[in-house]
Amino acid sequence: MSNTTRQPGRHFLQIPGPTPVPERIIQAMARTIIDHRSQAFADLSLRVINGIKTIFKTKQPVILYPSSGTGAWEAALVNTLSPGDKVLMVETGQFATLWKDMAAKIGLVPEFLPTDWRTGAEADAIESALKRDTAHEIKAVCVVHNETATGCRSWIQDIRKAMDAAGHPALLMVDTISSLGCLDYRHDEWGVDVSISGSQKGLMLPPGLSFTAVSEKALEAAKSASLQRSYWSWQDMIASNASGFFPFTPATGLLYGLETAITMLHEEGLDNVFARHERHGRATRAAVETWGLEVLCRDPKYYSPAVTSVLMPEGYNADTFRALVLENFNMSLGTGLNRLSGKVFRIGHLGDTNDLTIMGALSGVEMGLELAGVPHAKGGVTAAMAEITRATNQVRAAA
Ligand code: PLP
């Protein structure tokens, strides 16, 4: 017999991914695995490949790897670039740093535009760096759309404009791992060459599937790119995918779930999905500000609708606070990564979440602050309720 005390109710998984998987998706995945060389499988994979295109807002190929997002990062680099190529990246936080480290490890030469991890990627800084590169040695600009470590988003359309203003031919690669299905995203309209995402955040699936939308220009670059690739070869994938097959065993169960996830996103309406994430971001920040705590993102232009990182007051450890919240209220909050370790906790408000889930989460945080003896003002939860009520009334008035 287990001596663990039963936790009644459901666990609040408020980390910024993996996010809670809706019951409907769990049911969809709990189906018998079929022959991945059968017509039934091909029909399924053609449906999900076409379906995920509507989420990326693209008509171009989307590749699905049975991998986490990191695998798709690597695939993006090795398919389009050659040893010694320069890549321009922006240090928005831990995930941008990991992607930059990967680029260096596989033989690329990253130029890393620094930030203090409290802001998004500045289009002006990218434009200046590209203008300095008169010899066009930079072959790709790589940006994280929503930096999950900091809660700062970037504006991809502005970055595209900056690249065009610089008249620079580099590829634009965007990590949408914690933004796809949370923030508006337009692969084709924004002229993105490679958009990378993962299953475990806005798509509401378990981890294990990555998505990569690729442009004509990226496919053209792949023809001459000489970094070594085998498993990650886009060419093999696109060739097999055309008829609904994969060059290796696909993640059939996750593909069942993906079909349902895409249906659910469209049933809600993508614009409503984005508005919901915006609303929950605003409600969360209203609570944080009322508590008298500081949102890590220091410029409202870059506030993330998917995750809020909260700075702990000097002398208080964010992980001690998180542990107390978990122990007492059965809620997981995100930890601070790398240089933010112990300094911030993150509130995930992405994926399959609703107004009352967010209110429950914020109540847990407010009670946790009290238990941990963290100096704060009361009323954050009330401020969040007011924000949600205000937004709801606005929608009702417009209906
Ligand atoms: N990029 C971002 C923005 C992320 O949030 C993550 C993971 O959380 C990654 C990349 C790495 O993806 P994965 O852990 O799926 O390999």
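Below, each value reflects all heavy atoms present in this structure, side chains not excepted, and no hydrogens, waters or symmetry copies. We count ligands from 1, going down the list as the structure has it; atoms in each ligand are counted the same way. Since the model is a prediction, treat every value here as computed from it, not as a measurement.
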Are Leu13 and Met204 linked, directly or through other ILVMFWY residues, by side chains that come within less than 4.5 angstrom of each other?
no
Between ligand 1 and Trp73, is the shortest N or O to N or O distance under 3.5 Å?
no
Sub-4.0 Å atoms of ligand 1 with respect to non-hydrogen atoms of Asp175
1 (N), 2 (C), 3 (C), 10 (C)
Heavy-atom distances under 4.0 Å are what count here, so tell me which part of Trp99 touches ligand 1: side chain, backbone, both or neither.
neither
Short N or O distance, Ser68 and ligand 1, threshold 3.5 Å exclusive
yes
Going by distance only, is there an N or O of Asn146 that falls short of 3.5 Å from an N or O of ligand 1?
no
Lys NZ or Arg CZ of Arg31 over Tyr256 ring: under 6.0 Å, within 45°:
yes
Contact check: Phe95 vs ligand 1, nitrogen or oxygen atoms, below 3.5 angstrom:
no
Tabulate below the donor-acceptor pairs under 3.5 Å that side-chain atoms of residues 188-196 make, not counting sequence neighbours, or state none.
{"residue": "Asp188", "atom": "OD1", "partner": "Thr58", "partner atom": "OG1", "Å": "2.6"}
{"residue": "Asp188", "atom": "OD1", "partner": "Gln60", "partner atom": "NE2", "Å": "2.7"}
{"residue": "Asp188", "atom": "OD2", "partner": "Thr58", "partner atom": "OG1", "Å": "3.4"}
{"residue": "Asp188", "atom": "OD2", "partner": "Lys59", "partner atom": "N", "Å": "2.8"}
{"residue": "Glu189", "atom": "OE1", "partner": "Arg186", "partner atom": "NH1", "Å": "3.2"}
{"residue": "Asp193", "atom": "OD1", "partner": "Ser215", "partner atom": "OG", "Å": "2.7"}
{"residue": "Asp193", "atom": "OD2", "partner": "Leu172", "partner atom": "N", "Å": "2.9"}
{"residue": "Ser195", "atom": "OG", "partner": "Tyr185", "partner atom": "OH", "Å": "2.7"}
{"residue": "Ser195", "atom": "OG", "partner": "His187", "partner atom": "ND1", "Å": "2.6"}

Considering only heavy atoms, does Glu147 approach ligand 1 within less than 4.0 Å through its side chain, its backbone, both, or neither?
neither
Can you pull the ring-ring contact (aromatic ring centres under 6.0 Å, His included) pairs that have at least one residue in residues 83-136, sequence neighbours excluded?
Trp73-Trp99, His136-His168
Applying a 4.0 Å heavy-atom criterion (strictly less than), which segment of Val144 is in contact with ligand 1: side chain, backbone, both, or neither?
side chain
If the contact criterion is a heavy-atom separation under 4.0 Å, does His145 count as touching ligand 1?
no
Option from Ser179, Ser304, Ser154 for which side chain to side chain donor-acceptor pair (under 3.5 Å) with Asn146 holds
Ser304
